[in-house]
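Beneath this line is the structure, given in structure tokens, with notes to follow.
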Amino acid sequence: MYITRLHRTACTLGLGILLLASCSKSNSYEQAIPRDAELVTAIHLDQLAQKAGLEDKARKAKIQQALEKGLVSPDTKPFLQSLLSEPQKLGIDLRSPIYFYHSPRAKAALLMRVSDRDDLGKQLKKLFSSTEFKQTEEQGYTLLSPKSGPEGQEIVAYDKKTLLIAVPEVGTEIKQLLQETMKPKKGQSFAETKYFEQLQQVKGDIRAYLDLKSLDKSSTLPAYATTEVSKIVFGANFESGRLRITVQPVYKDEVEQQKVENRMKLIYAQSITGSLDKYLPKSPDLVIGINSNMAAAMKKLGLAATSNAEEARMTMLLNSLISGEGVLAISELGSSNNAYAYAESTQPDAIDSVAKWIGSEGFAAVDSTGAHQYRIQHDGMTFDMGHRNGINYLISSARVGELLQPQAGRPTPVYAEQIKGKYVYLFFDLEQFIQRSFLTPLIQAMTKPVVYQRLQQLQYVLMVSDRTQGEVTLQLSTKDNALQFLVETILDAL
């Protein structure tokens, strides 16, 4: 039930941003985010509205119509009619960021800045039926809570600066949840931490902070992973011709930062040069590149010593397959015998050990074809694996002669400039995949012609990373803002 109402609230906010005029800003409501929040997301609706091209009257009308369809129901119709007739009476300042957060006491919570408490109270009465919710006046704020009890349902609280809609965790005392949000004491707010400060510094229309340890508290990390960064911030920014997402770590202190950076320098000693690109097919659908010296780094850092000797041996063996640049390419996703992998290596014997392990475990049939060279057969597919001229390779046997020779005339990849100085990258050619993949007939059958035509404007997805920070880019073939492209595509689909 609470998911439905939170969805309804999101639709309401969408309508509001279309219709409300500018209001003054304040960050005091951000104090309501608890200090131990594990996920915090800030959404800048004013920026999103501008980039979506909502000044266009025809587009604005289409969006409004779509949002109305998502809201129309007997209990929300009065609210919708009121909103459309007097949008300035919503009572929420949508020019300030809307926050979504999760904490140990709140499964999900929405936090918004109040511009007019009286107007907001009137609108909430239309959204939250008096037959389902009871209203009480607490110490300085108004509380709407379900008459059937808060277990698994949302509560609503607001005062002159803050609106909170939250779903408490099972066993949480509502008073405690409200105390930490509506009446926070000094030192109890996430807004007072350096994590919030770094979140504010990230560029993006949508920004987020995540405590990675909260994803699976029951899991146990390997000993060597416990010193890694556990908190990250990222920002999603809609730009001309692309969507760009940046990710960066949040360090506990300078000691942790130095430790992680030193480790990354050992693992990723040199940046990618593209030295192996000449071996790849000319127009692959997918390319993954890395420059790693993991095996040497593990030895130097003592990370190979674990309680499981066999696991440590296999980890070192697999890592020894690459000591420098490595690349994996798939020329056509969904087709057999189209995968190619190359890696610089100074240890040709590692190939022999891997081939022996594959055969002994029964993963595939393995036959030797020469010194450090093997043919692997499994499930109708045949690959050649080996070491030649300082390079380990795994190639479709049908093309081994062709792809063990550098390819002349191969065009420069469209992503070539963007991976310079990076250590890891992933390139996915969306344009080729949409037009000629095994899923193309299905995509065409499930979308309207106008939508399929618009999807062909997607060029590629590129993920790049230096030692500690990453970036994801969704590139379009047009110069339209990526959000405007997304909005138009959804509206065409509807």
Take Q457 and S477, measure what side chain to side chain donor-acceptor pair (under 3.5 Å) needs, and give me the verdict at the end.
-> CA-CA 5 Å; Q457 296 177 21; S477 61; 5.2 Å; no

Test ring pair (Phe, Tyr, Trp, His ring centres under 6.0 Å) on Y415 and Y425 and set out the steps.
-> CA-CA 10 Å; Y415 55 85; Y425 73 91; 5.5 Å; yes

Tell me, with the steps shown, if L178 and L143 meet side chain to side chain contact (heavy atoms under 4.5 Å, CB included).
-> CA-CA 9 Å; L178 292 171; L143 173 64; 3.9 Å; yes

Assess whether side chain to side chain contact (heavy atoms under 4.5 Å, CB included) is satisfied between E173 and Q179, documenting all intermediate values.
-> CA-CA 10 Å; E173 292 187 13; Q179 179 64 37; over 6 Å; no

Mind running side chain to side chain contact (heavy atoms under 4.5 Å, CB included) on E239 and L243 for me, showing each step along the way?
-> CA-CA 6 Å; E239 302 174 359; L243 166 62; over 6 Å; no

Y209/F190 under ring pair (Phe, Tyr, Trp, His ring centres under 6.0 Å): CA gap, chis, key distance, verdict | CA-CA 11 Å; Y209 156 87; F190 179 77; 5.0 Å; yes

Check the pair V260 / T468 against side chain to side chain contact (heavy atoms under 4.5 Å, CB included), numbers first and verdict last.
-> CA-CA 8 Å; V260 172; T468 57; 4.2 Å; yes

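Remark: Q176 CD is packed, more than 12 non-hydrogen atoms of other residues, nucleotides or ligands lying under 6.0 Å away. The environment of Q270 atom CD is sparse: at most 12 non-hydrogen atoms of other residues, nucleotides or ligands sit within 6.0 angstrom. Within 6.0 Å of CD on Q50 lie no more than 12 heavy atoms contributed by other residues, nucleotides or ligands.
In this structure, L163 CG and T142 OG1 are separated by 11.0 Å, a value rounded to the nearest 0.5 Å. Once rounded to the nearest 0.5 Å, the distance linking CG of L111 with OG1 of T41 reads 12.0 Å. Taking CG of D118 as the reference point, atom NZ of K160 lies at 12.5 Å (rounded to 0.5 Å). Rounding to the nearest 0.5 Å places CG of L110 at 8.5 Å from CG of L164. Distance CD/E431 to CG/L476: 11.0 Å, rounded to 0.5 Å.
Looking at D429 and L286, their side chains never come closer than 4.5 Å, going by heavy atoms from C-beta outward. Within the 4.5 Å cutoff, the side chain of V287 has no heavy atoms near those of the L426 side chain. Counting heavy atoms from C-beta outward, L90 and D119 have side chains that stay 4.5 Å or more apart. Q31 has its side chain within reach of S189: a pair of non-hydrogen atoms, C-beta onward, lies under 4.5 Å apart. Within the 4.5 Å cutoff, the side chain of P168 has heavy atoms near those of the L177 side chain. With a 4.5 Å cut-off on side-chain heavy atoms, E192 and K186 count as touching. Residues I33 and V40 have side chains in contact (heavy-atom distance under 4.5 Å, counting atoms from C-beta outward). Using a 4.5 Å heavy-atom cutoff, the side chains of V487 and T489 are not in contact.
Of the possible donor and acceptor atoms, one in the side chain of Q188 sits under 3.5 Å from a partner among the backbone N and O of K185. Using modelled atom types, no side-chain atom of K420 and backbone atom of S271 make a donor-acceptor pair closer than 3.5 Å. Using modelled atom types, one side-chain atom of R467 and one backbone atom of Y268 make a donor-acceptor pair closer than 3.5 Å.
In this model, no donor atom of one side chain and acceptor atom of the other lie less than 3.5 Å apart for Q459 and R242. For the residue pair T246 / Q248, no side-chain donor-acceptor distance below 3.5 Å is found, with atom types taken as modelled. Q432 and D285 share a side-chain donor-acceptor pair at under 3.5 Å. In summary, the side chains of Q257 and E261 do present a donor paired with an acceptor at a separation below 3.5 Å, with no hydrogens or angles considered. With 3.5 Å as the limit, one finds no donor-acceptor pair spanning the side chains of H44 and R95.
Of the residues R244, K51, Q47, the one that meets the side chain to side chain donor-acceptor pair (under 3.5 Å) test with N237 is K51. Checking each of V472, L474, T473 against I245 for a side-chain contact (heavy atoms from CB on, under 4.5 Å) leaves exactly one that passes, namely V472. Among the candidates F428, F427, F433, the single residue satisfying the ring pair (Phe, Tyr, Trp, His ring centres under 6.0 Å) test with Y460 is F427.
Between F238 and F485, the distance separating the two ring centers is not shorter than 6.0 angstrom.
Looking at R117 and E137, a side-chain N of the basic residue comes within less than 4.0 Å of a carboxylate O on the acidic one, giving a salt bridge.
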